[in-house]
Amino acid sequence: MRRLFVKMYGLVDCDNCFVSCERVFRPDLEGHPVVVLSNNDGCVISRSREAKDIGIRMGMPYYQMREHYRDKEVTAFSSNYELYGNMSNRIMNILREEAPIVMQYSIDEAFLDLNGMENINIKEWGENLSLKILKCVGMPVSIGIAKTKTLAKIASEFAKKYPGYNKCCYIDTDEKREKAIKVFPIDDVWGIGRKNSVKMEYFGIHTAYDFTLKSKSWVLKNFSITGVRTWFELKGYDCIPLDSLDSKRKSICTSRSFPNMIENFDDIRTHISNFAVRCAEKLRLQHSVAGLVTVFIDTNHLRYDLPQYGNGMSITLHTASNATQTIVKACFSILCDIYKEGYKYKRGGVIVTDICDECAVQTDFADYDADNHRKMHVLTSTIDNINRQNGKDMVVLGSQQYKGKSNDGKNLKFSNAVKRALKSPNYTEPYKFIVKSK
DNA sequence: TCTGGGGTCCTAGGACCC
DNA sequence: TCTGGGGTCCTAGGACCC
C-alpha cells in the first residue's frame, strides 16, 4: 500500500528556560520557587513551576514581588544572558545533530522540519531527544510534533502540562488534532494575543476548535489575514513557511532603561554611544549594513510627578554602513537635536534600519571615500578580533567610558551601567589565566 | 526608591503621480 | 482650469511573538 506522506513539524521548547539554566548549577533549588529578573532587576521574566503555583505573575515588578511573597523564600536571580546564550547554543547544537532542518525561533525555542523521517517512530524519537537534552545540558524541554507550526506549539503545551506524554506530544491524526483543539483555550493559541482574546470572548469563541468552526470570510473580516493564517493552521493546513522565520534581522535595536534617572547630557551620550556600538556589532555579525539610524530618549513615564518628555529622530547615512564610528557619529548628531535640558531621562536606545547585505552597498558618489572606508573596515575588524579573543569590551571607544564611581570609590566600567545585583557566576565561561609579566 | 528588551508583520491614512 | 479616480509608496501605530 502506498503511504501518503504528510510533512511534520516539531517544536522544542525549554521549560522555564532562564530559571532552568540557573538551576542546572544550583540543584539545591530544585522544588523551590525561583525567578529570574529583567535588566536592572526590574521585573520577573522567568518563573519556576513553584513560583507560578504561588501566584507570582510574569512581568511583576521585583519590589512588589519581594513585598508580597516575603514569607515564601523565593530565590531571585538577575538575568545572566551570557549563561543563557551559552546553554541555548548547546541545545541548538544537539538539535542540529538530530533533526534534518532546525530553525531557531528564540533563545529557548526551535522549530524542526521533520521531512525525511517518516520511516521512524517519531514519538519515540521525540522522547529520546528530550532525554538527550536533559542528560547533556541539564535543560528540561517539551516537544510538540504536528502537521503545522501552530499545532506543534499546542502539542508542546500538552507535553509540558501532562507528564503522561513523557515530554513529547505527537498529533499525527485528524482525530487527535480535533480532540486537542477542543480543549485548548483560544487565548493560548500562537498568534492570538490579548486584544484578540477579548474579541474572541465577545464572539463567544472559547477554544481553538470554536474558532475553526467560523467561516474563512468571517475570520478575514474580523481578524485580518493573520487571523486567517492561524485559522488554516488550526485546521491542519501548513501556511507559515519555516524560512519566513529565518531571515536576517530587518531592524536592530539596542535600548535600555538606565539604573537611575539621568539629566546630564554627557552621561546620556555615554549610554547612547554604547547602544550604537552594540548595534554596529550586531550588524557586522550578520554581515549587513544599515542606511538609517534612529536615536530615542524618554523620561520615566511611571513618575507622574515629574515633567515628561520623549523624542526620537533618524538620520539617513550617505552610504549604508556597519562601521562603529559612523554609527556613533550619526547618533551623537541626533542626540544633540533631541536632548532637552531640565528633564530626568530614564530610557534611551538606538535603532538601525534600512538593512541590506554588506556586499551590496549602494555608494553615494558625492560622499564615498574608498580609502577612508577601507581604513574604517580594517580598524573595526581589528577591534572585533581583539574583543572576540580577549573578552567583550576589551577595546572600547573613549565615548563609551562610563564616568561614575562605585560605592567603594572605584571608577565604574560602562558595563556596570545596568544593575544586576543578584547575578549568578558565568558558569559556562572558560577559566581565564592572567599572565603577569615582570 | 525600585516597573524589561528585542523583534516581526499588518493596516490605515496621507502624499504624490498620472 | 476644473474634477474624479486609481495606483503606489511611505510612515506611524497597533498587534503579535519570545
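The analysis underlying the following values was restricted to heavy atoms, covering all of them including side chains, and did not include hydrogens, waters or symmetry mates. Protein chains get the first letters and strands the later ones, always in sequence-line order, with residue 1 at the start of each. It should be emphasised that the depicted structure is a prediction, and the values quoted were computed from it without experimental measurement.
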Ignoring the backbone of [X], work out which of [options] is nearest its side chain.
X: Ser38(A); options: dC18(C), dC16(C), dG4(B); answer: dG4(B)
X: Ile45(A); options: dC16(C), dC2(B), dG4(B); answer: dG4(B)
X: Arg303(A); options: dC16(C), dC18(C), dC2(B); answer: dC2(B)

To the nearest angstrom, how far is [X] atom [atom1] from [N] atom [atom2]?
X: Ile240(A); N: dC18(C); atom1: CD1; atom2: P; result: 12 Å
X: Tyr62(A); N: dT3(B); atom1: OH; atom2: C1'; result: 14 Å
X: Asn40(A); N: dT3(B); atom1: CG; atom2: P; result: 8 Å
X: Asn260(A); N: dT1(B); atom1: CG; atom2: C1'; result: 10 Å
X: Phe111(A); N: dC17(C); atom1: CZ; atom2: C1'; result: 10 Å
X: Lys195(A); N: dC17(C); atom1: NZ; atom2: P; result: 13 Å
X: Phe258(A); N: dG4(B); atom1: CZ; atom2: P; result: 13 Å
X: Lys346(A); N: dC2(B); atom1: NZ; atom2: P; result: 7 Å

Have a look at [X] and say if it touches a base, only the backbone sugar-phosphate, or nothing, with a 4.0 Å heavy-atom cut-off.
X: Val350(A); result: nothing
X: Lys199(A); result: nothing
X: Ile107(A); result: nothing
X: Arg57(A); result: nothing
X: Asp108(A); result: sugar-phosphate

Q.
Filter on side chain to side chain donor-acceptor pair (under 3.5 Å), then keep only pairs touching residues 296-310 of chain A, sequence neighbours left out; what's left?
A. Thr299(A)-Gln308(A), Arg303(A)-Asp305(A), Tyr309(A)-Asn311(A)
Q.
Does the Lys NZ or Arg CZ of Lys123(A) fall within the cation-pi geometry relative to Tyr170(A) - under 6.0 Å from the ring centre and within 45° of the axis?
A.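 Geometry flag: not set, cation outside 6.0 Å or 45°.
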Q) Judged by atom type as modelled, is there a donor-acceptor pair below 3.5 Å linking the side chain of Asp113(A) to the main-chain atoms of Asn115(A)? A)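 Here the side-chain-to-backbone pair exists.
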Q | N/O donor-acceptor pair under 3.5 Å between Ser78(A) side chain and Leu422(A) backbone | A |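 Yes, Ser78(A) side chain to Leu422(A) backbone: donor-acceptor pair under 3.5 Å.
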**Q.** Rounded distance (nearest 0.5 Å) linking atom NE2 of His271(A) with atom SG of Cys331(A)
**A.**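 Separation between the atoms: 14.5 Å.
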Any side-chain N or O of [X] under 4.0 Å from OP1/OP2 of [N]?
X: Ser224(A); N: dA15(C); answer: no
X: Lys153(A); N: dC18(C); answer: yes
X: Arg347(A); N: dG4(B); answer: no

Q) What residues, two or more places apart in sequence or in another chain, satisfy side-chain contact (heavy atoms from CB on, under 4.5 Å) together with Asn166(A)? A) Glu127(A)
Q | Partners passing side-chain contact (heavy atoms from CB on, under 4.5 Å) against Asp357(A) (at least two apart in sequence or in another chain) | A | Lys248(A), Cys359(A), Ala360(A)
Side-chain H-bond candidate by donor/acceptor type, [X] with [Y], under 3.5 Å:
X: Glu50(A); Y: His32(A); answer: no
X: Asp13(A); Y: Ser142(A); answer: no
X: Asn80(A); Y: Ser424(A); answer: yes

Q: Using the C1' atom on both, measure dC17(B) against dG4(C) and round to a whole Å.
A: 14 Å
Q: Give me the ring orientation class for Phe158(A) and Tyr162(A): parallel if the planes are under 30° apart, tilted from 30 to 60°, perpendicular past 60°.
A: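 Ring orientation of Phe158(A) relative to Tyr162(A): parallel.
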Q) Once the angle between the rings of Phe18(A) and Tyr81(A) is folded into 0 to 90°, is it parallel (under 30°), tilted (30 to 60°) or perpendicular (over 60°)? A) perpendicular
(Q) I'd like to know if Tyr63(A) reaches the base of dT3(B) with its side chain, counting only an N/O donor and acceptor under 3.5 Å. (A)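 For Tyr63(A), whose side chain was compared with the base of dT3(B), there is a donor-acceptor pair (under 3.5 Å).
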**Q.** Secondary-structure string, 5' to 3', Watson-Crick or G-U under 3.5 Å, | for another-strand partners, for DNA chain B
**A.** ....||||||||||||||
Q. Name the one of Phe332(A), Tyr345(A), Phe296(A) that satisfies ring-ring contact (aromatic ring centres under 6.0 Å, His included) with Tyr339(A)?
A. Tyr345(A)
Below 3.5 Å is the cut-off: list the nitrogen or oxygen pairs between protein and nucleotides 7-9 of chain B, distance only.
residue	atom	partner	partner atom	Å
dG7(B)	OP2	Cys253(A)	N	2.3
dG7(B)	OP2	Cys253(A)	O	3.2
dT8(B)	OP1	Lys250(A)	N	2.7
dT8(B)	OP2	Ser251(A)	N	3.3
dT8(B)	OP2	Ser251(A)	OG	3.1
dC9(B)	OP1	Lys250(A)	NZ	3.1
dC9(B)	OP2	Lys250(A)	NZ	3.2

Q.
Assuming nearest nucleotide by heavy-atom distance, tell me which of Leu220(A) and Asn300(A) is located more 5' along DNA chain B.
A.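 Its nearest nucleotide lies further toward 5', so the answer is Asn300(A).
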Q: Starting from the 5' end of DNA chain B, give me the residue, Arg66(A) or Ser255(A), whose nearest nucleotide shows up first.
A: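 Mapping each residue to its closest nucleotide by heavy atoms, the 5'-most match is Arg66(A).
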(Q) Can you list, in residue-number order, the parts of residues 69-91 of chain A that come under 4.0 Å of DNA chain B, counting heavy atoms only? (A)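 DNA chain B contact set from residues 69-91 of chain A: none.
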